[in-house]
Amino acid sequence: MTEQDPPKIEFPCDYPIKVLGRNVPEYEDSVTAVIEQHAPGFDRSRTTQRSSREGKFTAITFYVTATGVPQLEAVHADLMATGLVQMVI
C-alpha cells in the first residue's frame, strides 16, 4: 500500500473552520474575535452553532476566505491559546 499525498487546496478559497469548546459565557466572543483577527470581514451570516446534548460544549463553524496554510496555522494556534477551545477541525 502506498501513501497518498493529501489533496492540494487552491488558495484563496472558501474554508470552514469548526471550533469546539466548553460552553462558557466568553467562549463565543473569544473565538469570534480570533477568526475576525485572521479573516477580517468573514461572513457572519454563514456561522452556525450547535450545543452538545448535555450543553457542556458548543461547536461553532465559521466560513472564511483562506489565503494560505500560514493563515490557517495561525488561526489554529490562536484559537488554542484562548484556553477555551478543545479542538479545531
Side-chain angles (χ1 to χ4, degrees):
M1 183 182 265
T2 61
E3 196 172 317
Q4 295 181 351
D5 290 333
K8 302 270 187 218
I9 299 174
E10 291 188 30
F11 296 102
C13 66
D14 195 32
Y15 195 87
I17 300 173
K18 182 179 259 187
V19 185
L20 177 68
R22 292 214 173 265
N23 190 7
V24 295
E26 64 274 15
Y27 172 68
E28 183 178 357
D29 289 342
S30 295
V31 297
T32 300
V34 171
I35 298 296
E36 182 66 42
Q37 175 187 348
H38 292 283
F42 73 95
D43 186 358
R44 290 175 185 255
S45 70
R46 294 185 65 200
T47 300
T48 60
Q49 188 168 328
R50 183 170 165 249
S51 293
S52 65
R53 187 179 340 214
E54 295 178 11
K56 291 183 181 179
F57 297 95
T58 298
I60 304 175
T61 302
F62 300 93
Y63 290 87
V64 302
T65 299
T67 58
V69 173
Q71 175 202 31
L72 296 176
E73 289 173 344
V75 168
H76 183 270
D78 287 352
L79 285 168
M80 296 307 290
T82 67
L84 300 170
V85 174
Q86 304 296 116
M87 186 183 318
V88 180
I89 303 170

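Reckoned from all heavy atoms, side chains included, excluding hydrogens, waters and symmetry mates. Bear in mind the structure is a predicted one, so any value in this text is a computation, not a measurement.
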After noting the C-alpha distance and the side-chain angles of Val31 and Leu84, does the key distance pass the side-chain contact (heavy atoms from CB on, under 4.5 Å) rule? CA-CA 8 Å; Val31 297; Leu84 300 170; 5.5 Å; no

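- Counting heavy atoms from C-beta on, the side chains of Arg22 and Tyr27 never come closer than 4.5 Å.
- With a 4.5 Å cut-off on side-chain heavy atoms, Val64 and Ile35 count as touching.
- Here the CG-OG distance, from Leu20 to Ser52, works out to 8.0 Å after rounding to the nearest 0.5 Å.
- The side-chain heavy atoms of Arg44 and Thr32, taken from C-beta on, include a pair separated by under 4.5 Å.
- The cluster map of Ile, Leu, Val, Met, Phe, Trp and Tyr, joined by side-chain heavy atoms under 4.5 Å apart, puts Phe11 and Phe62 in the same cluster.
- Judged by distance alone, with hydrogens and angles left aside, the side-chain atoms of Glu36 form a donor-acceptor pair with the main-chain N or O of Gly41 at under 3.5 Å.
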Please report the C-alpha distance between Ile17 and Val75 in whole Å, then the side-chain angles of each, then the deciding distance to 0.1 Å, and finally whether the side-chain contact (heavy atoms from CB on, under 4.5 Å) criterion is met. CA-CA 9 Å; Ile17 300 173; Val75 168; 4.0 Å; yes

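- Among all heavy-atom pairs drawn from Gln71 and Thr65, the shortest one is NE2-O, 3.6 Å.
- Contact annotation: the side chain of Val88 never approaches that of Lys18 to less than 4.5 Å [non-hydrogen atoms, C-beta and beyond].
- In this structure, the side chains of Met87 and Leu79 stay at 4.5 Å or more apart for every pair of heavy atoms.
- Under the 4.5 Å side-chain heavy-atom criterion for ILVMFWY residues, no single connected hydrophobic cluster contains both Met80 and Phe57.
- Looking at Gln37 and Asp78, their side chains come closer than 4.5 Å, going by heavy atoms from C-beta outward.
- By the rule that hydrophobic residues join a cluster once side-chain heavy atoms approach within less than 4.5 Å of another member, Val85 and Ile89 end up as members of separate clusters.
- For Tyr63 and Phe42, the distance between ring centers is not under 6.0 angstrom.
- With contacts defined as side-chain heavy-atom distances shorter than 4.5 Å, the pair Arg50/Thr58 does not qualify.
- Residues Thr82 and Val34 are in side-chain contact: their nearest non-hydrogen atoms beyond the backbone lie under 4.5 Å apart.
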Could you walk me through whether Asn23 and Lys56 pass side-chain contact (heavy atoms from CB on, under 4.5 Å), step by step? CA-CA 5 Å; Asn23 190 7; Lys56 291 183 181 179; 5.9 Å; no

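- Side chain to side chain, Ser30 and Glu26 fail the donor-acceptor criterion of an N or O pair below 3.5 Å.
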